[in-house]
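Report on the structure given below.
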Amino acid sequence: MRRAWRAGIAVSACTALAGCAGVQSALDASGAEASRIQVLAIVLIVFCTLVFIGTAIIAALALFGSEWWRRVFSGEGLVVHAGFIFPAVALAILLFYGLVLMGMGGDAANGGDGDLRITVTGKRWWWRVAYMMADGRSVESANELRIPAGRPVKVTLLSDDVIHSFWAPRLAGKLDMIPGRVNTLTLKAGEPGISRGQCAEYCGGAHALMSFFVIALEEAEFDAWLSNEASPAREPQGEAAIRGRLLFAQSGCGGCHAVRGTAAAGSIGPDLTHVGSRHSLGAATLPNDARAFARWIRDNQHIKPENLMPAFEIFSEEQLSDLAAYLEQLR
Amino acid sequence: MRWRDLLDWRRIALTAGALTAIAIVAAAIFVFTGIYNVSARRDHFAVVTALLALTRERSIDARSARIDAPDLAADGMVELGAAHFEGGCAICHPRPGKMLDAIAQGMLPRPVPLSRGAAERPASELFWIVKNGLKYTGMPSWPGERRDDEVWAVAAFIKHLGKQPTPDYARLAGLTRLPAERRNAQPLEQCGRCHDAGGLGTHGGLVPVLSGQREDYLRRALQEYAEGVRPSGIMEPVADALSPQEIDALAAHFSAATPVEATLSPDVESIARGEKLATAGDHEGGVPPCLACHSDNGARMFPRLAGQNAAYVAGQLRLWQNGGRDSTSWGKIMSVVAKRLNEQQIDDVAAYFASLAGNPNTGDGQARQSRTAP
């Protein structure tokens, strides 16, 4: 019996600890702001736990202790010291500490080297991501944020439909994207790696399927990636991909999507110039592979109901695989 | 105290039970012996006829009370209704000024002549009857689901008869559009009663221009009508009667024909707004440019719109908004886009496409240039 209890406790402890790790855990900070938030959270939790234990001890002594303890607790001293002075002082210190800690974010933002500005616009239900480069060019991508590790990056958060909220828990706190307002968030990833974020403000039916990946890269790797991202789409190789390009051009895809370097210049949906190199499809809803492309084109209304793209049920299986072959090699 | 005995509940129950039993037996004899004559040669008893007529009128009245009529004088409404009447209704109902057909004379009730009786009804009642039909009269309900726009055209024609008892029916129904020797000929010639053919434009603006349209699209449209996936009370019966060879021949014929120059809308501003929408889309409203699909670059299954009648384009876009065209895989794509258009955008874009040259070799070519220009 006792052994079963122990096993049960061990299992639940493991499960609880496993919840702390992972690509989207605020308790597994990898960014500067998230680390500060984590320190603040731990300080607050420890402090609250100590206060709770102290209160429990006083209550226990008052109930079960000797006459002497009761006499001590019945005086005015306890109320004055533990009821007024201690909370006022303790809360003031914690508030001051919290303000100082979070104020450091502002310094980091001002200290950012300004070369790279990223604008993230919340859409229903995906993220438009634009990288403003030092030479003034803007490079558009979607549903994925690539940042250089080790330096702060200023991210401008916008929305032009409803209120969304940008939250990458391992890197920073959440910040709302409000139509008509410009909010700025500074992200600084400590080391290269992948983490996941999602919309943290209910924004409609498919809100839960509005996620993204943040990929922190070494400086050199990031520069190489950005210069590739800024370049026009590569020429398709292979018969299927070439047939796919023709289908893409003929079926009206370019009315909403852009593939830079081709006639497709739509700006309603995500830019697909390098869609094959992204970590996921459909705003972190599907893996990025040929099968997912085909599924999305035909069944997107089942995968993400009421998203703004029409379902293209007009394609045969062969046409879908040609289109998928074309899109997959847009790296 | 005899009246007290009469009020006794046992007596009342027994009497009621006996009467009910007699009624059931009498009804059973009436039904199972076949004593009632259902022959169409003889009318019902006068009292039955009166009761049926009262029930019918009350039903029509109650059910059409909340129906609001659109503008029945709109471009092409009366012509479309008259042309469909010729093909679909004149089988039973007499043409204006003509006698009832010999076969229809044997129907009970007899099909009403439309210029008398029917035309006096409010348009909403006519709409309800044409849409829903009437039980046990031979009047069928409208074949196409969600095609109220077509039903209203028929109501508009019947109301027009009321205003003009001896109308130029042959012209309204498109009969004079055909050379006399071809009037009952092959399907190819029958199309010309409404659609552009033989050097004439369409019979009113609600009928689509077919000359110069893409062959693949025309074949798809006829197949969708024939299979009943694209609803239309007017085109479904027509396409259903065609063989696959006839469908191919018609698609080839019309795609090769040269369209007739249509009269242009004088509203230059509307056309300019429509051009902007067609070539650049409306980013705010999530509307892609029309020419992303409807240009000569687009797949051959997408229809050309250059030179298409404005009233037809606007009517179809509104039909999409009302869910009347999203039953095919192609229609589902357009349905999403059409629902994002506002009333003005629909009129503008319809005016723009009508203003383009309908000839496939020139029309979209200009539009395509301005699309790739930015």
Side-chain angles (χ1 to χ4, degrees), chain A residues 121 123-126 128 140 158-162 179-180 204 243-272 297-302 304-320 322-323, chain B residues 214 216-217 219-221 223-224 229-230 276-305 320-321 323 325-341 349 364 367-374:
Chain A
T121 310
K123 311 291 282 184
R124 276 174 303 154
W125 291 276
W126 58 282
R128 189 191 295 283
E140 199 173 308
L158 307 172
S159 168
D160 44 26
D161 42 42
V162 296
R243 284 196 303 269
R245 177 174 64 177
L246 187 65
L247 271 173
F248 188 90
Q250 287 182 338
S251 307
C253 308
C256 294
H257 297 286
V259 177
R260 280 172 270 132
T262 73
S267 58
I268 295 168
D271 185 303
L272 300 181
I297 292 166
R298 189 188 49 213
D299 300 329
N300 65 70
Q301 290 298 327
H302 294 282
K304 191 180 279 196
E306 290 177 37
N307 85 80
L308 299 186
M309 173 164 162
F312 280 73
E313 295 167 13
I314 57 175
F315 296 120
S316 66
E317 289 295 329
E318 294 75 43
Q319 288 176 319
L320 281 175
D322 288 348
L323 272 171
Chain B
R214 292 178 154 183
D216 294 34
Y217 170 72
R219 187 182 303 110
R220 168 163 79 82
Q223 285 166 348
E224 285 170 353
V229 285
R230 178 170 168 184
K276 190 158 177 289
L277 189 64
T279 54
D282 169 18
H283 185 269
E284 296 277 297
V287 181
C290 313
L291 293 172
C293 296
H294 298 282
S295 78
D296 286 347
N297 286 341
R300 300 197 58 79
M301 286 289 196
F302 292 127
R304 301 180 72 249
L305 297 179
W320 258 301
Q321 292 190 326
R325 273 198 75 174
D326 53 10
S327 50
T328 68
S329 56
W330 301 85
K332 274 180 195 157
I333 300 172
M334 191 62 214
S335 163
V336 172
V337 180
K339 283 176 181 155
R340 293 181 195 162
L341 296 173
V349 85
D364 285 1
R368 199 168 67 237
Q369 275 177 1
S370 54
R371 178 182 159 229
T372 47

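Sequence lines set the chain letters: A, B, ... in the order given, protein chains first and strands last, and positions in each chain run from 1. Because only heavy atoms are used, hydrogens play no part in the values below, and waters and symmetry mates are left out as well, while side chains stay in.
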Over all atoms of both residues, closest heavy-atom pair of A:Pro310 and B:Lys332: CB-O, 4.4 Å
Nearest-0.5 Å distance, NE2 of residue B:His283 to CG of residue A:Asp160: 7.5 Å
Atom NZ of B:Lys339: over 12 foreign heavy atoms under 6.0 Å: yes
Top of A:Cys253, A:Ser251, A:Ala249, A:Gly266 for chain B proximity - count of heavy-atom pairs under 4.5 angstrom: A:Ser251
Under 4.5 Å from a heavy atom of chain A, the part of B:Arg340 involved: side chain
Interface residue of largest heavy-atom contact number with chain A, from B:Val336, B:Ile333, B:Asp282, under 4.5 Å: B:Ile333
Atom of B:Pro288, atom of A:Ile268 and distance for their closest heavy-atom approach: N-CD1, 3.4 Å
